[in-house]
There are 2 protein chains.
Amino acid sequence: MPWEKQFDIDETLEKAGETFWAHGYEATSMSRLLKAMGIQKGSFYNAFGSKHEVYLRTLDQYAQQRLGELRELTRGKAAVAALRAHFDALYEDCISPQGHRGCMLLNCALETAHQDRQAQALVKKGLANHEKILHDLILEGQKTGEIDRNLDAGATAKTMMALVMGMRVYSRSGSDPQAVRTLADQAIRLVTPTDART
Amino acid sequence: MPWEKQFDIDETLEKAGETFWAHGYEATSMSRLLKAMGIQKGSFYNAFGSKHEVYLRTLDQYAQQRLGELRELTRGKAAVAALRAHFDALYEDCISPQGHRGCMLLNCALETAHQDRQAQALVKKGLANHEKILHDLILEGQKTGEIDRNLDAGATAKTMMALVMGMRVYSRSGSDPQAVRTLADQAIRLVTPTDART
DNA sequence: TCCGGTTTGTACCGATCGGTCAATACTCAT
DNA sequence: ATGAGTATTGACCGATCGGTACAAACCGGA
């Protein structure tokens, strides 16, 4: 093996991902992308093939990372506590300085996915994974009796997904953090007995 | 007045709006835009000034139209019936052949708004208008007793907005119509007494 | 030390980007 | 009929688009 790469593939993909995340696909030009990645054109095309290919890889990488973080966050917690942790973390992320980037999967869903089948597949899978985690948590909570067994777990999980999306949209469009907080609270109320509410 | 325009401004803006709506801002090139509008470059710049200006105008036009349709749809109906009509219409729109275009305001919110203050202002105003209509309907329902008076009207309106966003995202990312239907149903359940549910 | 194979930097590609402009087509008031 | 003044046209602009080609730089093995 005559010569090893002068840059770390994953690290470089990470930088690319952040750029796509912040600016979207179309608004990220090659020059901007290369500057962010810190490599030259030749290296880029040699290592990755095309802008679009890199986009898909960063999208996939993003989905995997978020999925991992979510699993980590909820591991070992009781259902409602796990959901609470999830929505609290999401709220913090939304109001943080980088919160304006929103969720890369959602950005992609609305900007790119409808005319890019491969991106659409990644988005669908990412959303489905997220929804399944929420669904499983609700089912588990119902099994232990934490959560009302009459609740439609599937529909509630979808509603929670909608609330997640709402939080992302409100925060990305520059709304009052209070609006985002309200949605997070509403998500928890969905799985909290009515008589326990303040 | 020496010569009148050979094309109808509003009609042409309409066509431009549909193109931006379907493809987003960045992915809509001038050539594509001009072809859709059916005019030449010179006429375009003479009449409108710039691509960006046209984008803002179509965005505003879209928001006004949707607001009008929404007011029309709910006029004279009782609160819950009005909400039902709203979410039913939204569902139909989502699963219709053009449903993949989603909501132009949301598309803009995630693609453009975070780096375009003027677009962001339009999005914020559009979302606020929509939310206010839902909010007012809920308040009215509570006044007449249709809707539980203990419900937090503001939070519920925001939740409904999130459900709207969820419906748009799910449908634009190519999901099963059933997912969209579920979210619409959940919206109505928010303002329906628990014991009246099936 | 030189060779084989790989990576890297950069010049360059045609296409297209959003936008300008001068010439032309046109209508109306005089 | 003519001149004022606007609308339209299409050639043209420099910049930038994503992508390619290729020579120089580099390394490990012989």
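Hydrogens, waters and symmetry mates play no part in the numbers below; they use all other heavy atoms, side chains included. Protein chains get the first letters and strands the later ones, always in sequence-line order, with residue 1 at the start of each.
With B/Y25 as the aromatic partner, B/K51 meets the cation-pi criteria of under 6.0 angstrom to the ring centre and within 45 degrees of the ring axis.
From B/L73, atom CG reaches atom CZ of B/R75 across 10.5 Å, with rounding to the nearest 0.5 Å.
Applying the side-chain hydrogen bond (donor to acceptor under 3.5 Å, both in side chains) rule to A/Q186 yields the partners B/T159; only residues at least two apart in sequence or on another chain are considered.
Listed for the A/E131 side chain is no donor-acceptor partner under 3.5 Å among the backbone atoms of A/M161. Although no hydrogens or angles enter the test, the distance criterion places no donor-acceptor pair under 3.5 Å between the side chain of B/K41 and the main chain of B/L34.
Computed from coordinates, the A/L33 CG to D/dT16 P distance equals 17 Å when rounded to whole Å. Taking atom CZ of residue B/F48 and atom P of nucleotide C/dG18, one finds them 16 Å apart after rounding to whole Å. Between the CG atom of B/N46 and the P atom of C/dT24 there is a distance of 18 Å, rounded to whole Å. Atom CE in B/M37 sits roughly 16 Å away from atom C1' in D/dT9 (whole-Å rounding). Distance, A/L34 CG to D/dT16 C1': 13 Å, rounded to whole Å. Put simply, CZ on A/F44 is 14 Å from C1' on D/dT20, counting in whole angstrom units.
Under a hydrophobic clustering in which Ile, Leu, Val, Met, Phe, Trp and Tyr are joined whenever their side-chain heavy atoms come within less than 4.5 Å, directly or via other members, B/L139 and B/V191 fall into different clusters.
With C/dG9, C/dG19, D/dG19 as the candidates, the nucleotide lying closest to the side chain of A/Q40 is C/dG9.
Below the 3.5 angstrom threshold, one finds no donor paired with an acceptor across the side chain of A/K41 and the base of C/dG9.
The side chain of B/S50 contributes no N or O atom lying less than 4.0 Å from OP1 or OP2 of C/dG18. The shortest distance between the side-chain N/O atoms of B/K51 and the OP1/OP2 oxygens of C/dG18 is below 4.0 Å. Dashed line: the shortest gap from a side-chain N or O of B/Y45 to OP1 or OP2 of C/dT20 is not under 4.0 Å.
Between A/G49 and A/R32, it is A/R32 whose nearest contact on DNA chain D lies nearer the 5' terminus.
Put simply, the side chain of A/I133 does not reach to within 4.5 Å of the side chain of A/H86, judged on heavy atoms.
Heavy-atom distances under 4.0 Å link DNA chain D to A/T28, A/S29, A/M30, A/S31 of residues 14-31 of chain A, given in residue order.
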